[in-house]
K.L.:
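Just dropping this structure here.
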Amino acid sequence: MRQMNRGWKIAGSLMVVGMLATVALAETKETTESTAAKTRDGEAVQIEAVDIPTADILDPMTFATAFRFYSEGGIMSRLVLGPFKRLNLGVFFDAQRVIGGDDPHMVTPDIFVKIRFFDGTDIIPALALGYENQGYLYQESTTDFLQDERGLYLVGSHEIFLPDFELHAGMNIPKVDDAELFGFFGATWKIVPSFALLAEYDNIRKAPSSRVNLGGRFWINAAFNVDVAARNVGRGDDRGAERIVRLNYTHKFPF
């Protein structure tokens with residue numbers, strides 16, 4: 001049943017990709033005056049905080065890879081491409097028990113789509129629409145994720161108060177068939193060029209299922225950074241509390 005449901009989700013997500021790609025290709029006017037534009041240049045691009053998305057996207061002809069090491073020897077990898085201006089496409093690969101002595105298990109690959117349709121002003125935040133169907137902490141006993149996917153989402157990002165201090169807030173529908181609306185908000189603060197603080201409140205709808213995630217991002221160089229974070233702070237491991245490390249690499253296409 002889960003495989004059938006995931007098939008419908010993937011089919012629906014491909015329709016979303018098609019619509020977003022049409023919008024992206026229709027966008028031809030370059031926006032040069034934007035308060036958010038500076039966060040999309042080189043090392044400053046932060047397409048997510050810990051779990052929640054931001055309105056930032058990769059520049060055209062740029063790719064980003066990420067390897068997330070999580071509880072019980074799991075590794076989630078992701079490849080995101082910037083094929084066109086304003087549009088990012090990607091894929092997730094999640095494998096459990098890769099590290100350790102237990103038998104590894106590969107979870108069905110999932111997709112990533114984000115389009116930044118508004119660059120923001122001094123007052124109005126930059127806005128992006130996206131879709132991700134990658135959940136967290138797959139449970140073989142239930143053939144489902146302990147923490148649902150992001151699903152379809154809308155997010156806004158804006159720098160306030162201090163340089164490189166950005167707030168991010170949005171809403172999402174994890175499962176289209178349920179049509180339940182959730183919320184999320186967080187902040188990224190790049191204190192110095194080589195370090196940023198990450199904080200977020202995710203999955204906001206019912207208090208028992210909401211999550212507080214905290215972390216830090218360390219830049220080794222302009223292309224490579226490392227995230228260290230605690231997810232679901234204050235909850236037990238049965239609720240999905242864990243510590244993670246994520247390696248992120250961003251670069252222009254080599255052609």
K.L.:
Using a strict 4.0 Å threshold on nitrogen-to-oxygen distance, state whether Lys175 and Glu149 make a salt bridge.
P.N.:
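A salt bridge links Lys175 with Glu149.
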K.L.:
Given the rule in the side-chain contact (heavy atoms from CB on, under 4.5 Å) test, do Ser210 and Asp202 qualify, once you have shown the distances and angles that lead to the verdict?
P.N.:
CA-CA 6 Å; Ser210 60; Asp202 195 11; over 6 Å; no
K.L.:
Should Tyr136 and Ile47 be counted in the same cluster of Ile, Leu, Val, Met, Phe, Trp and Tyr side chains packed under 4.5 Å apart?
P.N.:
yes
K.L.:
Provide the closest heavy-atom pair for Ala126 versus Ala55 in the form atom of the first, atom of the second, distance.
P.N.:
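Where Ala126 meets Ala55 most closely, the heavy atoms are O-CB, 3.6 Å.
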K.L.:
Evaluate the ring planes of Phe195 and Phe218, with Trp represented by its six-membered ring, and classify them as parallel (under 30°), tilted (30 to 60°) or perpendicular (over 60°).
P.N.:
tilted
K.L.:
Going by atom types alone, do Gln147 and Arg231 pair a side-chain donor with an acceptor below 3.5 Å?
P.N.:
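Their side chains do contain a donor-acceptor pair, which is all the 3.5 Å distance test asks for.
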K.L.:
Would Ile173 and Phe182 show up in the same hydrophobic cluster when neighbours are defined by side-chain heavy atoms closer than 4.5 Å?
P.N.:
no
K.L.:
Roughly how far, to the nearest 0.5 Å, is the CD1 atom of Ile115 from the CG atom of Leu87?
P.N.:
5.5 Å
K.L.:
What do you reckon, are the aromatic ring centroids of Phe145 and Tyr138 less than 6.0 Å apart?
P.N.:
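Yes, they do, as the ring centres are separated by less than 6.0 Å.
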K.L.:
Determine whether Val226 and Asn248 satisfy the following criterion, side-chain contact (heavy atoms from CB on, under 4.5 Å), listing intermediate values before the conclusion.
P.N.:
CA-CA 6 Å; Val226 179; Asn248 308 291; over 6 Å; no
K.L.:
With a 4.5 Å limit on heavy-atom distance, are the side chains of Lys114 and Tyr153 in contact?
P.N.:
yes
K.L.:
Between Phe165 and Trp189, what is the ring plane arrangement, given parallel below 30°, perpendicular above 60°, and tilted in between?
P.N.:
perpendicular
K.L.:
Which residues pass the salt bridge (Lys or Arg N to Asp or Glu O under 4.0 Å) test with Arg217, not counting sequence neighbours?
P.N.:
Asp227
K.L.:
For a side-chain contact (heavy atoms from CB on, under 4.5 Å) with Met76, tell me which candidate from Asp94, Asp110, Val98 qualifies.
P.N.:
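Of the listed residues Asp94, Asp110, Val98, the side-chain contact (heavy atoms from CB on, under 4.5 Å) partner of Met76 is Asp94.
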K.L.:
Once you measure the plane-to-plane angle for Phe63 and Tyr249, does it fall in the parallel (<30°), tilted (30-60°) or perpendicular (>60°) bin?
P.N.:
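Answer is tilted, since the angle falls between 30° and 60°.
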K.L.:
side-chain contact (heavy atoms from CB on, under 4.5 Å) between Asn172 and Phe184: does it pass, once the steps are laid out?
P.N.:
CA-CA 8 Å; Asn172 65 292; Phe184 58 87; 3.5 Å; yes
K.L.:
Please tell me whether Leu129 and Phe84 are part of a single hydrophobic cluster in this structure, the criterion being side-chain heavy atoms less than 4.5 Å apart.
P.N.:
yes
K.L.:
Give me the atom names and distance for the closest heavy-atom approach of Lys252 to Pro60.
P.N.:
NZ-O, 3.3 Å
K.L.:
Got a second to check how far Glu159's CD is from Asp164's CG, nearest 0.5 Å?
P.N.:
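Result: 5.5 Å between the selected atoms.
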K.L.:
Under the criterion side chain to side chain donor-acceptor pair (under 3.5 Å), which of Asn232, Asn203, Asp51 is the partner of Asn213?
P.N.:
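Per the side chain to side chain donor-acceptor pair (under 3.5 Å) rule, the option paired with Asn213 is Asp51, out of Asn232, Asn203, Asp51.
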K.L.:
Would you say Phe92 and Phe112 make side-chain contact, with heavy atoms under 4.5 Å?
P.N.:
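Yes, close enough: below the 4.5 Å cut-off.
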K.L.:
For His168, run the side chain to side chain donor-acceptor pair (under 3.5 Å) check against Asp56, Thr188, Thr54 and tell me which one passes.
P.N.:
Thr188
K.L.:
Does the Lys NZ or Arg CZ of Arg86 fall within the cation-pi geometry relative to Phe118 - under 6.0 Å from the ring centre and within 45° of the axis?
P.N.:
no
K.L.:
Which pairs, with at least one residue in residues 123-134 and sequence neighbours excluded, count as a salt bridge (Lys or Arg N to Asp or Glu O under 4.0 Å)?
P.N.:
none
K.L.:
For the residue pair His158 and Thr121, what are the closest heavy atoms and their distance?
P.N.:
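In terms of heavy atoms, the two residues are closest at NE2-O, 2.9 Å.
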K.L.:
Quick check for you: to the nearest 0.5 Å, what is the distance between Leu198 atom CG and Leu214 atom CG?
P.N.:
9.0 Å
K.L.:
Out of curiosity, does Phe224 fall in the hydrophobic cluster containing Leu79 (side-chain heavy atoms, cut-off under 4.5 Å, transitive links)?
P.N.:
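Yes, Leu79 and Phe224 fall within the same hydrophobic cluster.
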K.L.:
Please report the interatomic distance OG1(Thr62) to CD1(Ile57), rounded to the nearest 0.5 Å.
P.N.:
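It is 10.0 Å, given to the nearest 0.5 Å.
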K.L.:
Could you go through Gln96 and Glu72, starting from their C-alpha distance and side-chain angles, then the distance that decides it, and tell me whether this counts as side-chain contact (heavy atoms from CB on, under 4.5 Å)?
P.N.:
CA-CA 7 Å; Gln96 298 176 312; Glu72 300 182 5; over 6 Å; no
K.L.:
Does Arg235 pair with Glu242 as a salt bridge, N-O distance under 4.0 Å?
P.N.:
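Answer for the salt bridge query: no.
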K.L.:
Test the Arg78-Phe93 pair against the cation-pi criterion, namely NZ or CZ under 6.0 angstrom from the six-membered ring centroid and within 45° of the ring axis.
P.N.:
no
K.L.:
Quick one: closest heavy-atom pair of Tyr70 and Ile244, and the distance?
P.N.:
CB-CG2, 3.8 Å
K.L.:
In terms of hydrophobic clusters joined by side-chain contacts under 4.5 Å, are Leu137 and Ile52 together?
P.N.:
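Hydrophobic grouping puts Leu137 apart from Ile52.
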